J.: 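Sending over a structure as structure tokens; questions will come in a sec.
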Amino acid sequence: MRIVQILPVLAFGDAIGNHTLALADAFTRNGIHNCVYAQMLDSRVSGKNIYEYKEYVRQPQDVILYHMSTDSLLNRQLCLHTGAKLMNYHNITPAHFFHGFHEGAERGCQEAREDLAYMAGRVDGCVSDSLYNQRELEQLGYGCPMTDIPILIPFQDYEREPDAQIIREYGEDEYTNILFVGRVVPNKKQEDLIEAFYYYQKYYNAKSRLIMVGSYAGIDRYVESLELYADRIGVDNVIFTGQISFAKILAFYKTADVFLCMSEHEGFCVPLVEAMYFRVPIIAYQSTAVGDTMGEGGILLERKEPLETAGMIDYLVRHPQLAEKIRCNQAARLEQFEHDRVEAAYLEFVRRFI
Amino acid sequence: MEKIDVQEIMEGIRKEIADRGYTKEEISYAQALANMDAASLDRCYNPRALKMKYEYVRGHYNNPIYFELKGNPVKVLFQKVVRRLFLFVIYPAFHFQNVYNEAVADCIRQMKNYIEENEQLKRMPAKMAALEKQVRGQQEQIDELKKELSRCVSMGEASSMGRESEHEV
């Protein structure tokens, strides 16, 4: 008997990919025989017991843990497995966000949602990253045992050395750095970050930067529209880093004064937890699973008003005592994502099926 | 955890915005790109996109004919036999495609270089204007210094002539 983690794409540096590898490590350390199969395997991902899905030879005693987040033929193929099937639901971006930017992604998200509905009643257990995700499954009629457990984050990785050049370039001047980390995709609403930053730079603090760390994820048209937008409204110091090394990501967190998130769809949002870890005060728009992840930590905005958001950024920067209170609240919230606690919750859930 | 009254803070911020007369402009994403449809966006030159696509083309133009076959050993053996049998058709097709891809990649490189040279040339007039302004400024300084020098020289001559006259007397 073994746990077989299956996923459509195991990408390097991706939240779901990192979570999958962390789970594999947890299972191994706890004496649970396991392996990982991915339909598309990033060549930069390496490790023992990680294979391409075409090499998978099904065994009846396999307990499949399937990571559901995108469209794939695997979504429905999984249902043919006669053994125990578990789903780790990471949420699927609503298709309408990609309209006008990427027809393939729009169609893919729509099909993935149809697959998700199809799979109701065909899996034996579900674990969701957030209560928001779990409620979606309940609305689709999933009646199997379900629980919500956060993404498993290997925090020890964040102790690595940050990039010294980034620290020098962005951390040693009087500029205020506003950071967002996440793929440049329409649902994350980077245009709303730019708009809020425009007002912040104009009315409150000209010596400021908006740094958006994240890969372009193949939605080139959206990235190009953002660059054009920033150019048209005349805002300076808007930086798109693209995909960068882990050391550089660490450095950007360490030089950030505020973490700003205007995303309109998240299944969990690992960067919020990372910002908490690096003690960067968070201002985020309350949507989907953002509130679930943040809890009482950080500042949640009920409505999206760019001028007011700019005012809030300024207020936070000018009131160090408030920033410190937020950091304390975030540190308390961070305990819920503590590695051993999350790992124990996963093991307890999975053991019910092995 | 200490409760933070976000609503209270936000009310203060709204009041401050009103008192200072800060106003919201018509600069939303939708407004700024109102006339920009997908076709228009496709016509805009984007140096970052060109660089990214070129890097991809440069790294992927060559299709390897032989790649590792994995999976069920019987299936792999069958695939290997079929591949060997059809090599006389596959090889020329791959070779032709790879040569074509290399030519296209080289063509893109030349175009990229041309664009970059032109971008540098476009910046030349502004650089030249700045240098000309600097040179004019320095010329004016030189002229000032010459005038000052002439004045000093004349004053020096006048005072030495005066001393000679006193001596004669």
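These numbers come from the heavy atoms of this one structure, side chains and all, not from hydrogens, waters or symmetry mates. Sequence lines set the chain letters: A, B, ... in the order given, protein chains first and strands last, and positions in each chain run from 1. What you see is a predicted model; the values in this text were computed from it and never measured.
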J.: May I ask you to decide whether A:Arg221 forms a salt bridge with A:Glu224, counting only side-chain N to carboxylate O separations under 4.0 Å?
T.: no
J.: Counting heavy atoms not belonging to B:Glu55, are there more than 12 under 6.0 Å from its CD?
T.: yes
J.: Ring centres of B:Tyr22 and A:Tyr204 under 6.0 Å apart?
T.: yes
J.: May I ask you to check whether over 12 heavy atoms, not counting those of A:His99, lie within 6.0 Å of atom NE2?
T.: no
J.: What part of A:Ile233 gets closer than 4.5 Å to chain B, counting heavy atoms only: side chain, backbone, both or neither?
T.: side chain
J.: Please determine whether a side-chain nitrogen of the Lys or Arg among B:Glu11 and B:Arg14 lies less than 4.0 Å from a carboxylate oxygen of the Asp or Glu.
T.: no
J.: Does any heavy atom of chain B fall under 4.5 Å from the side chain of A:Tyr53, the backbone, both, or neither of them?
T.: neither
J.: Quick check for you: among A:Asp220, A:Asp314, A:Asp192, which has the greatest number of heavy-atom pairs under 4.5 Å with chain B?
T.: A:Asp220
J.: Check each atom of A:Tyr56 against the heavy atoms of chain B and say whether the ones under 4.5 Å are side chain, backbone, both or neither.
T.: neither
J.: Counting only non-hydrogen atoms closer than 4.5 Å, does A:Leu300 touch chain B with its backbone (N, CA, C, O), its side chain (CB onward), both, or neither?
T.: backbone
J.: Could you tell me whether A:Arg209 sits above the aromatic face of A:Phe197, with NZ or CZ closer than 6.0 angstrom to the six-membered ring centre and within 45 degrees of the axis?
T.: no
J.: Is B:Glu16 in contact with chain A via its backbone, its side chain, both, or neither, using a 4.5 Å heavy-atom distance?
T.: side chain
J.: Given the options A:Lys54, A:Glu296, A:Glu302, A:Glu227, which has more heavy-atom pairs under 4.5 Å with chain B than any of the others?
T.: A:Glu227
J.: Under 4.5 Å heavy-atom distance to chain B, tell me which part of A:Tyr216 shows up: side chain, backbone, both or neither.
T.: side chain
J.: Between A:Gln330 and chain B, with a heavy-atom cut-off of 4.5 Å, which part of the residue counts as in contact: side chain, backbone, both or neither?
T.: neither
J.: Would you give the length of the straight line joining atom CZ of A:Phe97 to atom NZ of A:Lys189, rounded to the nearest 0.5 angstrom?
T.: 6.0 Å
J.: Would you please indicate if the ring centroids of B:His60 and B:Tyr56 are separated by under 6.0 Å?
T.: yes
J.: Can you tell me which portion of B:Ile17 sits under 4.5 Å from chain A's heavy atoms? Options are side chain, backbone, both or neither.
T.: side chain
J.: Using non-hydrogen atoms and a 4.5 Å limit, figure out which bit of A:Tyr203 sits close to chain B: side chain, backbone, both or neither.
T.: both
